[in-house]
Amino acid sequence: MDDQLLEKRLDSLKEAYDDMPEDENRSAILAAIKKDQKKKKQNKWFHLPYAASFIGVGMIAGVLMMQYIGGNGLSTNQPSQHQPSGEQVKTGEVDANEVEEQFEKVEKHFYKKRTETEKKIGVNGIADESTLARGLLEEIEGAKKNTLANLIEYNQDELNQMTNELISMIDGVFTLPSESIESLKNEDRRSRYADMELEMQLLKQLEYYQSVYWHPVVLRVFDKELEKMSAADLAAKLNGGGNGIENELLRAIALGAKANGYYFQANENETIKAAINYPWVAEQVEDSVHPDFLTYMEMQDVKIHDDGGNVRSYKELGELLVNYEKTYLSLKHEMIKEYIKGEARSYYAAFVLGRIPSRIFDEHNMLKPEVKEAYQDIIKVYPDTDTGKAIKSFYGRLAENNFQKPSGFDDFDEQTVSFPLYLVAPGNLKNEDVFSNIFPLHDALLSSYKEFAAKKNWNILKHYGPFEIMQLYLHADKEGDHETMYALYSQNEALPSLEQFVKEQEDQEDQGDQDGLGNLLRGYQFATLYYAEDDPDKIVGIQLHFTEGADSLVFQMVQEDGFWKVQYLPFQ
């Protein structure tokens with residue numbers, strides 16, 4: 001998976017964690033874990049972009065494995081898995097000595113598990129306190145300080161609960177991908193396809209250990225070996241299990257990496273990086289997981305960014321987006337489909353917005369030729385896909401501005417971009433009830449608009465439904481064609497005179513409202529037919545759906561004399 005997408009996923013995981021409600025029995029540990037990560041000096045051995053952030057955010061991901069995936073989060077409603085059988089649980093307030101004693105057990109367990117894990121993956125002896133799992137240790141210490149400062153709030157039962165669940169978290173963080181692979185191989189889960197607990201835990205572990213262990217800790221060992229051979233030669237020997245490498249530690253690292261689903265790549269700058277070997281992992285678990293999970297893992301193996309975070313090829317990114325859409329439509333497992341949608345949204349935003357350091361506009365604020373060509377290819381080759389339709393709409397907006405960077409473009413973000421329909425529309429809607437882009441008008445509709453604007457003859461529009469009539473109205477508003485807007489109104493309503501309506505519209509423009517109804521469309525995603533509450537078969541308008549969190553609007557319409565017409569002041 002691309003490093004940018006990995007960081008985004010971990011950020012999302014952290015945001016989900018921060019949104020969790022607290023209760024009084026677990027306030028100490030939650031407060032500790034939720035506090036801001038302390039800034040650390042960037043290690044000089046970090047060769048990948050964003051590696052410095054992996055230590056903080058990646059550690060949170062590791063801690064959260066057991067909470068969100070393994071189901072062992074801190075909760076006073078569940079019995080502790082580490083409570084010795086037959087032990088009498090004491091009640092009553094705790095004192096400082098008891099807190100110190102309990103947390104000493106937690107810290108000893110942490111060091112024990114970390115040492116065991118380091119030996120298994122071959123990095124024992126090269127870890128340092130500033131990298132490996134240091135974030136978790138800091139959170140444990142913070143939880144202890146918080147508890148000591150608020151002794152009156154805790155009794156013995158709650159203290160035991162807290163520390164035992166901390167031990168469960170430690171066990172989760174130090175569970176290796178190879179151990180999850182074995183769990184999946186040894187358990188027939190085909191009858192439990194709805195439960196993706198182990199599968200998703202495996203993916204998180206692969207990402208976590210890639211970022212925290214093989215990036216960047218082992219790179220310092222590689223640098224010494226790179227003085228003797230090229231990066232390509234060293235990568236080949238590492239992927240061969242370490243054969244031909246004199247350094248005993250490197251051989252152990254090679255074996256640990258291979259056993260846990262990693263391989264090594266040579267960079268152009270003669271450095272080494274570790275990557276997740278998704279095809280190998282998929283082969284190990286193929287008999288025990290849902291076929292859609294295997295498809296998802298294949299998607300993770302696609303690399304679209306270079307080591308600097310730049311898009312390698314916008315043409316390839318466009319093809320990848322279409323592949324995501326086709327893959328999504330072929331899947332059956334709802335959880336995997338949601339993961340695919342999340343990643344496709346991220347890639348699509350990069351395609352139409354650019355991401356630092358990637359840019360879709362050049363130094364002269366003109367659309368880069370390679371990006372323009374990539375858009376044209378998608379529009380031409382995949383016109384019937386949701387991705388193709390969305391790109392066509394975006395391309396049309398840029399064309400109207402002669403492919404210059406629009407004013408305010410830097411303020412655009414994923415909350416305002418119009419995504420392909422399959423990424424935003426609920427899957428339970430009927431296809432005929434869902435519509436995507438309002439602008440630009442397709443050629444036939446634009447031709448009808450021009451003819452209707454000239455003749456005001458409704459027969460020109462007799463074949464169009466409510467969505468197309470709404471498009472014509474909003475296009476007329478965009479063009480400042482107030483007479484055509486007026487002509488599209490239902491005549492069964494109390495309308496002002498044409499002269500009065502035109503004057504009111506011009507006055508609004510004089511007062512600075514140049515965008516007109518366009519302001520209401522910011523963040524638009526898709527539209528659906530809107531039915532009367534008392535008659536589920538009667539269409540009374542078009543409902544516009546916006547970015548998550550924004551209120552929907554209904555564009556009110558009425559069928560009159562066999563034609564769909566706009567109600568006066570449709571947005572009320």
- Determine, stepwise, if the pair Lys144 / Glu141 fulfils salt bridge (charged side-chain N to carboxylate O under 4.0 Å, His left out). CA-CA 5 Å; Lys144 181 173 75 171; Glu141 182 63 26; 3.7 Å; yes
- Query: Glu165 and Gln161: side-chain hydrogen bond (donor to acceptor under 3.5 Å, both in side chains), yes or no, with the steps?
  - Reply: CA-CA 6 Å; Glu165 289 178 346; Gln161 184 79 19; 2.6 Å; yes
- Go through Tyr348 and Tyr324 one step at a time and tell me if the ring-ring contact (aromatic ring centres under 6.0 Å, His included) criterion holds. CA-CA 10 Å; Tyr348 185 83; Tyr324 262 97; over 10 Å; no
- Item | Glu343 and Gln300: CA distance, side-chain angles, deciding distance, side-chain hydrogen bond (donor to acceptor under 3.5 Å, both in side chains) verdict | CA-CA 10 Å; Glu343 290 172 11; Gln300 305 312 294; 3.0 Å; yes
- Message: Apply side-chain hydrogen bond (donor to acceptor under 3.5 Å, both in side chains) to residues Asn160 and Gln156 and explain how you reach the verdict.
- Response: CA-CA 6 Å; Asn160 289 342; Gln156 187 68 51; 3.2 Å; yes
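The aromatic rings of His290 and His333 lie perpendicular to each other, with more than 60° between the two planes, well past the 30° mark.
The closest donor-acceptor contact from the side chain of Asn277 to the backbone of Tyr263 lies at 3.5 Å or more, if one exists at all. Using modelled atom types, no side-chain atom of Glu286 and backbone atom of Leu294 make a donor-acceptor pair closer than 3.5 Å.
With rounding to the nearest 0.5 Å, the separation of OH in Tyr154 from OG1 in Thr147 is 4.5 Å. A distance of 8.0 Å separates CZ in Phe264 from CD1 in Ile272, rounded to the nearest 0.5 Å. Between the CD1 atom of Ile167 and the CD atom of Gln102 there is a distance of 8.0 Å, given to the nearest 0.5 Å.
Two rings, from Tyr209 and Tyr262, have their centers 6.0 Å or more apart.
Within a 6.0 Å radius of CD in Glu179, other residues, nucleotides and ligands contribute more than 12 heavy atoms.
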